[in-house]
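Presented below is the structure to which this report refers.
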Amino acid sequence: MSLENKNTDGEGINASQKKENAFANLKYLIVGIFFGIVFVKAEIISWFRIQEMFNLESFHMYGVIGCAVFVGLISVQLIKKFNIKTLDGEKIEIQPKTFSKGQIYGGLLFGFGWAITGACPGPLFAQIGTGATVIIVTLLSAIAGTWFYGLIKDKLPH
Amino acid sequence: MSILEIIKEPWPWYVAGPLIGLTVPILLIIGNKSFGISSSLRHICAACIPSNISFFKYDWKKESWNLFFVFGIFIGGFIAAYFLTNPNPVEIAPELVAKLATYGITDHSGLVPAQLFSWESLLTLRGFIMIVVGGFLVGFGTRYAGGCTSGHAIMGLSNLQWPSLAATICFMIGGFIMALLILPFILSL
């Protein structure tokens with residue numbers, strides 16, 4: 001069964017045709033560990049850094065996101081231009097995003113949550129790792145929010 | 001300074017940003033995976049509480065790489081906090097320090113301020129809004145928008161997707177509205 005609304009919600013998609021076992025999935029665990037360390041060491045998961053960003057008091061977060069987009073952009077364009085394959089020789093596929101009003105309404109709501117919690121979904125996992133156990137509640141609440149979206153999705157403007 | 005000492009210092013944006021950007025090609029090349037984190041929340045719903053909702057009826061096992069990835073982020077957070085601890089206090093913009101002091105937030109020792117996010121504060125109105133309502137908005141908003149900072153702002157913009165640009169602009173507008181106009185009221189509760 002394919003992922004419903006692949007085109008409108010193509011985030012974090014596995015475009016590989018290959019079935020991967022738990023062992024193969026360990027490589028994503030390792031990339032995640034590396035990523036989590038960067039999150040903490042660059043203080044991206046700091047509530048204070050996010051407040052500084054939205055109060056225009058520090059360049060740090062703008063620099064981080066700007067550099068990340070720049071490197072990501074160059075990488076994706078190189079992959080496309082030179083038709084670079086995956087390690088298994090598959091063609092790399094990236095789902096295009098389709099516009100919906102959800103990007104406006106959902107985007108604003110996420111922005112509210114981001115400024116309150118000082119975290120987007122990735123940092124939530126890293127914050128719990130650093131020992132801030134109460135963030136487990138924030139994560140469970142975020143899961144509840146996702147579930148609630150699924151429940152009322154058809155009644156929302158898209 | 002030894003390498004470990006350098007690693008223990010806070011990393012500047014021009015080091016962290018490119019490293020995060022590199023996640024995009026790494027995930028694509030090692031397994032044809034598009035970078036995105038908030039989808040992990042959807043997979044958790046699909047795996048644990050699908051409740052016969054069509055949005056959660058799909059083959060989440062095919063996307064289980066994403067759950068390994070976020071579990072890795074959790075472990076990475078643990079390693080960085082316990083083995084690569086920054087020996088110095090976290091530096092915060094003086095304007096923010098002054099502003100937060102007016103709300104009684106004076107402890108800047110952690111990345112997550114304990115005076116706002118703790119099990120004790122969970123039972124206060126301010127703590128409940130910040131921990132529970134904030135989390136709910138993150139989960140609901142990202143899924144409604146079809147992605148978060150990673151899926152839209154980094155992955156989407158890297159692939160020159162204008163819907164992702166719209167989403168990113170709205171993330172920022174929402175953040176500014178909250179931080180500048182609404183959060184001061186929440187913090188004074």
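Quick note on labels: first sequence line is chain A, next is B, and so on, each numbered from 1.
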TODO: Could you check which of A144(A), G102(A), A42(A) has the highest count of heavy-atom pairs closer than 4.5 Å to chain B?
DONE: G102(A)
Open item on the list: If I measure from the heavy atoms of chain B, does I74(A) come under 4.5 Å with its side chain, its backbone, both, or neither?
Closed with: neither
Task: Contact origin within L180(B) toward chain A - heavy atom pairs under 4.5 Å - done: side chain
- [ ] Check whether M155(B) gets within reach of chain A through its side chain, its backbone, both or neither, counting any heavy atom under 4.5 Å.
- [x] side chain
- [ ] For residues 23-35 of chain B, pull every pair meeting salt bridge (charged side-chain N to carboxylate O under 4.0 Å, His left out), keeping only residues two or more places apart or in separate chains.
- [x] E20(A)-K33(B)
TODO: Could you look at I154(B) and say if it's the side chain, the backbone, both or neither that has a heavy atom under 4.5 Å from chain A?
DONE: both
Task: Atom group of I79(B) that falls short of 4.5 Å from chain A, counting heavy atoms - done: side chain
Task: Ring centers of F69(B), F35(A) separated by less than 6.0 Å - done: yes
Task: Ring centers of F71(B), F74(B) separated by less than 6.0 Å - done: yes
Open item on the list: Taking side chain as everything from C-beta outward and backbone as N, CA, C, O, which of these in L67(B) sits under 4.5 Å from a heavy atom of chain A? Side chain, backbone, both or neither.
Closed with: neither
Task: Validation row: F34(A), L19(B) side chains within 4.5 angstrom (heavy atoms) - done: yes
Open item on the list: Looking only at heavy atoms and a cut-off of under 4.5 Å, which of T149(B), L157(B), L187(B) has the most pairs with chain A?
Closed with: T149(B)
